[in-house]
Amino acid sequence: MTHDGFEQPDLIRWLMDRTDPKTMTIQISENKKIAITPWKISIVLGTPFGGEPLQYPDKKCMAAAFAQLANELGVPPSSNISVPMLKSKLEHRKDDPTAVRFFIMILTNKLLLPSTSFYITKKDAWLGMDLSRVARIDWSKAVFDLLRDSLVLWHKTDSHQSSQTYICSSVASLVLLYIDNLDVIKLGLTIDRLHTPRIQLYTKDLVEAISQGDRVKDEEDKIVFGQLNTLLVPSSYQLSVPLKSACYPKNTRKIQPQSYVLQKWVYKRTPHLKNVQKGNEVANNVCTKKPTPFRRPQRRTKMPASAILIQADLCFATCTDIVKSFSARQMAQGMFIDAFADFLSREDMENRPLSANNRIFIPTTISALINIENVTRNDTKDNYKPDALVEQLHFALGNIEMFLPVIHDDHWSLYIINHNQKSFDILDSKRYDMIGGTETQHHFPMAQKTLKRLSDGFQVFMGGKFPKFGNYRKCYIKCPKMAMGSNDCAFYVMRFMEKYNGDADKLLQSFPKVPSDKLRAQILHHLIFNRFNSVQELHQDIETFRVPDNAQ
């Protein structure tokens, strides 16, 4: 892809110069920096977030995929297959798997993973040939990695940049990510920041208008950008794994159907809840207290299903996610446990800074990797991979107590590793006395396996400097139990994380019994209206249920 072809060559060159490939940060000035992450690329481009890393096979395998494509098109294997050729085929096909494969090849060639070639490459053919593989790939990370590689090459050839006209990465993602992080209120060019993907909102004219407002000419008559302020999202003191991760098991995050997984990136997506009433049903469950009256604007708009209502640092959940998890008797997605833990850790820093670091909340993605044989994802079960666990541990580091939400047989429980006591506490809300069996039967040998794998992972991650805890004694903690058939286990895990301090009696006393719908409403209200929720512009139907700080 040529930066002249994107019609923002000056901005692209400036961004490439200003972006540090080591930190993947756009260094505008000392006080103005924009971090580039796979999650942000997902927000901008709408690419699926989380999944398996993109790994290319040998050239022979990619050549075979290209030959298969040529055969389908009825041309010799040595032919140059152009994008217009595939587009013409798409115009005469229905929305079938072959059409989706052609579409993906165009998408990787022109937008996501562009190269210096004007034609469909063997890489493009291989990428689009297997739709089941397409559904597993972490596309946001793939775009991020290629952009970083291009930045490394750009800075290595610093003295030759004037002659470097090709960039083998998605410059669109870099430009749009930068534009999307600028404060353009004074230009009167604001967009709906609850809408994703952002690429649907930024037209060519809008990008040019923002670009004009952000640039000036210096004394040497050279165009310089960075004149507008940036929208800085407050960062957490604790690194967190993003919520939208393919590590979430079945019933917590479903992979999109193959025929739709990438089509949604380009086709206009204007999904709405079936009617406003459905959105109101969500709001009605947000708060059990009487809402404070608000003056509603006369002009009302529907709340899109893609509207982001909860954002914890690099984590977000949409209206659709909330409906799926907080409806009666539905299994809550692991993303909400992670968001709850993120907010809780920040509250610890404010309310008890001296002991805040004593509690480390381990993301649910790690427990999914540890117990992966019992986690269904994309209708399959994978094998345990120690390297994948060590990679995820880079996002979470433990000290004294580590809180690990664990899912096993579609049921959430909480494991707590206490290094001071050399104990391994298990808190499970299921009533085994009512369904037959015991806690020991459910958690053994799974608990032992989990403890050993996590301990081994920390040994590798910390270079042998972290204390081993694979043989800590297991303690089944007496804790509140959920109602039969309520499927509230994830919400009980969140309450355990909040209330448990090693004293089971105090936990029982501080955990009043409430109906399932009220418990879900309390936690949803806590997440949406939490002061650490980065989403500030909520839909008016949601804002109606905000309870004032001084409310009893």
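All residue numbers in this chain count up from 1 along the given sequence. Because the structure is predicted, anything quoted here is derived from the model rather than measured.
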Atom OH of Tyr56: over 12 foreign heavy atoms under 6.0 Å: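 Yes.
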Greater than 12 external heavy atoms within 6.0 Å of Lys122's NZ: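 Atom NZ in Lys122 is not packed in, count stays at 12 or less.
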Aromatic ring proximity Phe144/Trp139, centre distance under 6.0 Å: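 Judged by ring-centre distance (under 6.0 Å), Phe144 and Trp139 do not meet the cut-off.
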Is there a donor-acceptor contact under 3.5 Å from the side chain of [X] to the main chain of [Y]?
X	Y	answer
Ser79	Ile81	no
Asp214	Leu228	yes
Thr19	Met16	no
Thr47	Leu45	no
Thr108	Ile104	yes
Lys33	Ile28	no
Asn533	Ile528	yes
Asn181	Leu177	yes
Ser140	Pro48	yes
Asn109	Tyr119	yes

Show me the donor-acceptor pairs within less than 3.5 Å that the side chains of residues 216-225 make with the rest of the protein, sequence neighbours left out.
{"residue": "Asp218", "atom": "OD1", "partner": "Glu220", "partner atom": "N", "Å": "3.0"}
{"residue": "Asp218", "atom": "OD1", "partner": "Asp221", "partner atom": "N", "Å": "3.1"}
{"residue": "Asp218", "atom": "OD1", "partner": "Lys222", "partner atom": "N", "Å": "2.7"}

Nearest heavy-atom neighbours spanning [X] and [Y]:
X	Y	answer
Leu54	Ala142	CD2-CB, 3.8 Å
Leu111	Ala172	CD1-CB, 3.9 Å
Met335	Ala317	SD-CB, 4.0 Å
Glu347	Asn530	OE2-ND2, 3.0 Å

Inter-residue atom distance [X].[atom1] - [Y].[atom2], 0.5 Å rounding:
X	Y	atom1	atom2	value
Asp321	Phe326	CG	CZ	10.0 Å
Tyr178	Ser173	OH	OG	15.5 Å
Phe103	Leu86	CZ	CG	12.0 Å
Ser117	Asp124	OG	CG	8.0 Å
Ile120	Ile106	CD1	CD1	6.5 Å

Pair Asp145-Lys141, salt bridge (charged side-chain N to carboxylate O under 4.0 Å, His left out): steps then yes or no: CA-CA 6 Å; Asp145 289 341; Lys141 183 66 161 54; 3.0 Å; yes
With Thr203 via side chain to side chain contact (heavy atoms under 4.5 Å, CB included) - residues at least two apart: Asp205, Leu206
Min side-chain heavy-atom separation Ile26-Thr230 under 4.5 Å: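 Not touching, per the 4.5 Å side-chain cut-off.
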side-chain hydrogen bond (donor to acceptor under 3.5 Å, both in side chains) between Asp348 and Ser345, worked out: CA-CA 5 Å; Asp348 282 352; Ser345 63; over 6 Å; no
Side-chain H-bond candidate by donor/acceptor type, Thr25 with Asp20, under 3.5 Å: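 Looking only at side-chain atoms, Asp20 and Thr25 do not form any donor-acceptor pair under 3.5 Å.
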Charged N-O contact under 4.0 Å between Arg13 and Asp17: no
Geometric cation-pi criterion, Arg215 with Trp14: 6.0 Å, 45°: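 No, cation not above the ring by the 6.0 Å, 45° rule.
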Only distances under 3.5 Å count here; give the side-chain donor-acceptor pairs of residues 63-78 to other protein atoms, sequence neighbours excluded, each with its distance to 0.1 Å.
{"residue": "Glu72", "atom": "OE1", "partner": "Arg101", "partner atom": "NH2", "Å": "2.8"}
{"residue": "Glu72", "atom": "OE2", "partner": "Arg101", "partner atom": "NH1", "Å": "3.4"}
{"residue": "Glu72", "atom": "OE2", "partner": "Arg101", "partner atom": "NH2", "Å": "3.2"}

Step-by-step side-chain hydrogen bond (donor to acceptor under 3.5 Å, both in side chains) determination, Asp130 to Ser132: CA-CA 6 Å; Asp130 185 348; Ser132 63; 2.6 Å; yes
Plane angle bin for His526 and Phe340 - parallel if under 30°, tilted between 30 and 60°, otherwise perpendicular: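 Correct class here is tilted.
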